[in-house]
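Here is the structure we will look at, set down as structure tokens.
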Amino acid sequence: MEASEVISVVAEVIGWIALACSLGCLLVALLIRLADGRWLRTDAVVVDQEHGSTVRWFAEGAFHQRRLSTEERAHVMRPEEEPAYYKEREPDRLRLHEPPVGRRIIRGVGLVLLAIAAIAGAIGFILMLAA
């Protein structure tokens, strides 16, 4: 068996494994996106009152507000301009922290594996033409 044949077989095996894993990762990322939705950044204002704190933000052409728990209020650094994230489909839902990065990591791994599969496929194709 020649070296080009060995490289071609190894590239094909790596390509198929990377393609299967990338499709799995991208499917998981899509399912997480469908379940959790899309979170958009906005600036929120925290107003302290005698009965507790309220956060107010502008989203989808309207102003929204909700009460803050004492734990959430403890994490607010700049009450006059606090970065926050609201759900695109439900602008009444707000997070005062960034959405979890797990989906972005899974999507990134899926895209890297897809690139590896494409490179392995190109190597196999080039070696096939060269033979």
Side-chain angles (χ1 to χ4, degrees):
M1 195 176 238
E2 291 183 23
S4 63
E5 292 174 345
V6 172
I7 293 172
S8 178
V9 169
V10 169
E12 184 172 350
V13 169
I14 290 173
W16 283 111
I17 292 172
L19 181 63
C21 292
S22 72
L23 292 177
C25 286
L26 293 173
L27 179 65
V28 168
L30 178 65
L31 292 175
I32 293 171
R33 168 78 185 266
L34 291 174
D36 193 32
R38 184 173 172 200
W39 292 84
L40 302 174
R41 190 179 186 287
T42 188
D43 289 322
V45 176
V46 177
V47 179
D48 293 319
Q49 300 166 338
E50 59 187 61
H51 299 295
S53 298
T54 302
V55 62
R56 296 178 180 154
W57 69 97
F58 185 78
E60 304 297 322
F63 286 99
H64 305 272
Q65 71 178 13
R66 73 168 173 88
R67 290 255 182 226
L68 285 179
S69 68
T70 54
E71 289 179 8
E72 288 178 316
R73 179 60 181 102
H75 293 289
V76 173
M77 298 300 218
R78 299 180 321 204
E80 65 279 349
E81 189 179 334
E82 181 70 17
Y85 300 85
Y86 68 93
K87 196 166 186 176
E88 184 178 35
R89 293 183 187 152
E90 299 174 49
D92 287 332
R93 294 193 53 198
L94 184 80
R95 289 179 173 169
L96 293 177
H97 56 83
E98 279 193 63
V101 297
R103 176 177 60 203
R104 285 185 282 176
I105 291 172
I106 292 172
R107 185 182 64 210
V109 168
L111 292 174
V112 167
L113 289 171
L114 189 62
I116 290 171
I119 291 169
I123 289 171
F125 184 73
I126 290 169
L127 290 175
M128 182 183 70
L129 292 177

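Note that the numbering runs from 1 along the sequence shown for the chain.
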Next on the checklist: Is it true that, when you exclude E82 itself, more than 12 heavy atoms of the residues, nucleotides or ligands shown sit nearer than 6.0 Å to its CD?
Outcome noted: yes
Checklist entry - Roughly how far, to the nearest 0.5 Å, is CG of L96 from OG of S69? => result 8.5 Å
Checklist entry - Any side-chain heavy-atom pair from P99 and R38 closer than 4.5 angstrom? => result no
Checklist entry - Going by the ring-ring contact (aromatic ring centres under 6.0 Å, His included) test, which pairs reach into residues 60-89, not counting sequence neighbours? => result W57-H64, F58-F63
Checklist entry - Short question: side chain of S22, backbone of A18 - any donor-acceptor pair under 3.5 Å? => result yes
Checklist entry - More than 12 heavy atoms of other residues, nucleotides or ligands under 6.0 Å from CZ of R89: is that the case? => result no
List, one per line, each side-chain donor-acceptor pair under 3.5 Å for residues 100-121, sequence neighbours excluded.
unit_1: R103; atom_1: NH1; unit_2: G37; atom_2: O; d: 3.1

Item to check | Gap between atom CD of E81 and atom CG of D43 - 0.5 Å precision | outcome: 4.5 Å
Next on the checklist: Applying salt bridge (Lys or Arg N to Asp or Glu O under 4.0 Å) as the test, list every pair that has at least one member in residues 58-72; sequence neighbours left out.
Outcome noted: R66-E72
Item to check | Close side-chain approach of L27 to L23, heavy-atom, < 4.5 Å | outcome: no
Next on the checklist: If you define the side chain from C-beta out and look only at heavy atoms, does anything of L94 sit under 4.5 Å from T42?
Outcome noted: yes
Checklist entry - So, do P83 and R78 sit near enough that their side-chain heavy atoms are less than 4.5 Å apart? => result yes
Checklist entry - Does any N or O in the side chain of K87 come within less than 3.5 Å of the main-chain N or O of R95, such that one atom is a donor and the other an acceptor? => result no
Checklist entry - V45 versus V55: any side-chain heavy-atom pair under 4.5 Å? => result no
Checklist entry - From L127 CG over to I7 CD1, what is the distance, rounded to the nearest 0.5 angstrom? => result 6.5 Å
